[in-house]
Amino acid sequence: MDRTNLHHVWKAILIGVALVVATACYFVPVLLVAIGLVLLVLLCARVVYPGRDRYIPNLYARDIRVYDDAYRSFIGHTLSDLRACRIRGHTLLSEASLLPGLCPQDSDELLLDLGAWIGWSTRLISDASGRPVYGFDTFSGLVEDWQVDDQAVVQRGTFSLSEPFAQRLIRDTGVTLHDGVPDTLGRKVRFVKGSTYETLAPFLAAHPAAPIRLFHMDLDTYESCLHALETCKDRFIEGSVLVFDEYLVTSGEMLAFYEFQRKYELEWRYRAWGLEIMEMNVEMVTARRKRGVYYLLWIVGYGLIGDGSYVWKFLRRQFWRFWLGAQISDILFLLAVGGQRKSVSIAITGLGTLRPNAEHDQADG
Ligand SMILES: C[S@@+](CC[C@H](N)C(=O)[O-])C[C@H]1O[C@@H](n2cnc3c(N)ncnc32)[C@H](O)[C@@H]1O
């Protein structure tokens, strides 16, 4: 289920490059000296570099001094906790496969996929868990601009199914659309079309008292994320698992969850830090050869224009933050992928003031 062939291709490329460099060093030993010197300079520079722990491993994009002390401390704790629960695969699929099988007493539990795009994240959650899943999307793209830290703004309307990239993946992964909504392709899934600002509350009203077991957040923006958390808040239970696909964007999902857990005094813990689910779309391409081309294009895109470009574009600030400020283990972790590792899962362990009787308790107290 949880295919990581893309990353195997990337590792094969890395090993290939290492072999070429090693061979070159064997025949031209001065190269070895040059590489050694560069590493030595890098190590010395790391000793004096002042930026350690000011940036977060969204490939060292954002200087977190722009935030207040409380949020900075939250980010600091987040990083040390996440380092202890890194996983190799996709966070969402790992969590879905760990859900217990459905038994009659929890048959009303909800698995929500917020941000379904062409529907593969929803279908794959169902495949991995064996349970019904509800996928929400406008299918016409983001409903607001998405500010990605201080790096870029992704325009409202991006990820519309009418975009050429979506159309191509729809065709190559065997998806069909009906009235602009992707088909279930035989899975136990239902897609709910429209903005979550309008669809989520009526959907929950139609499933009264049903608890949310899995909440997958892939709406990308801070506003949509916070709105979904607030709308779903009375359906979270102890044991609900929240997966945030873009968690390491500190101006987006992480900020929304930080505010949410603080407001309701939730108890919770991090469970996993792994790969984003979006790239699984590439794994679903049906023709083998075409899939291979997608892997290569994905890796090249990540390395040239995506966050992977921080690794080698030394004229960018992120290059210096990454090579000088990052923990060595983070550098190795992030170099070992040809794609994004921003996806984080969280388990709710205590409901704080969201407990059904919490208001009475406070009034009594
Ligand atoms: C990154 S894509 C989701 C990718 C998908 N989970 C996957 O792995 O293939 C984000 C999606 O969220 C949808 N979206 C963003 N904000 C939304 C909102 N408020 N209501 C409904 N859909 C929204 C966009 O239309 C887009 O398809």
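Keep in mind that what you see is a predicted model, and the values were worked out from it rather than measured. Just so you know, ligand 1 is whichever comes first in the structure, and atom 1 is the first atom listed for that ligand.
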Has ligand 1 got any nitrogen or oxygen that is less than 3.5 angstrom from a nitrogen or oxygen of [X]?
X      : result
Gly115 : yes
Ser224 : yes
Asp218 : yes
Ser121 : yes
Asn281 : yes

If you have a sec, work out which protein heavy atom is nearest [atom] and how many Å separate them, to one decimal?
atom                    : value
atom 1 (C) of ligand 1  : Asp220 OD2, 3.2 Å
atom 17 (C) of ligand 1 : Leu219 CD2, 3.6 Å
atom 8 (O) of ligand 1  : Ile277 CG2, 3.2 Å
atom 20 (N) of ligand 1 : Thr196 N, 2.8 Å
atom 24 (C) of ligand 1 : Asp137 OD1, 3.4 Å

Problem set entry | Leu98 with Leu110, same ILVMFWY side-chain cluster at under 4.5 Å |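 No; Leu110 is not reachable from Leu98 via cluster members.
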Which atoms of ligand 1 sit under 4.0 Å from any heavy atom of [X]?
X      : value
Leu142 : 15 (C), 24 (C), 25 (O)
Met278 : 4 (C), 8 (O)
Thr138 : 20 (N), 21 (C), 22 (N), 25 (O)
Gly141 : 24 (C), 25 (O)

Exercise. Parallel under 30°, tilted from 30 to 60°, perpendicular over 60°: which one fits the rings of Phe257 and Phe74?
Worked result: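 It falls in the tilted class, 30° to 60°.
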Problem set entry | Any Lys290 side-chain heavy atom under 4.5 Å of Tyr295 side chain |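 They are not in contact (no side-chain heavy atoms under 4.5 Å apart), so the answer is no.
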For this session: Please confirm whether Ala228 comes under 4.0 Å of ligand 1, counting heavy atoms of the residue only.
Result: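 Ala228: no contact with ligand 1 (<4.0 Å).
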May I ask you to check whether over 12 heavy atoms, not counting those of [X], lie within 6.0 Å of atom [atom1]?
X      : atom1 : answer
Arg171 : CZ    : yes
Ile305 : CD1   : no
His207 : NE2   : yes

Within this structure, what is the [atom1]-[atom2] distance for the pair [X] and [Y], rounded to the nearest 0.5 Å?
X      : Y      : atom1 : atom2 : answer
Phe136 : Phe191 : CZ    : CZ    : 11.5 Å
Ser345 : His216 : OG    : NE2   : 10.5 Å
Leu161 : Trp117 : CG    : CH2   : 8.0 Å

Exercise. Just by distance, with hydrogens left out, do Arg316 and Ser309 show a side-chain donor and acceptor under 3.5 Å apart?
Worked result: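 Distance-only check passes for Arg316 and Ser309.
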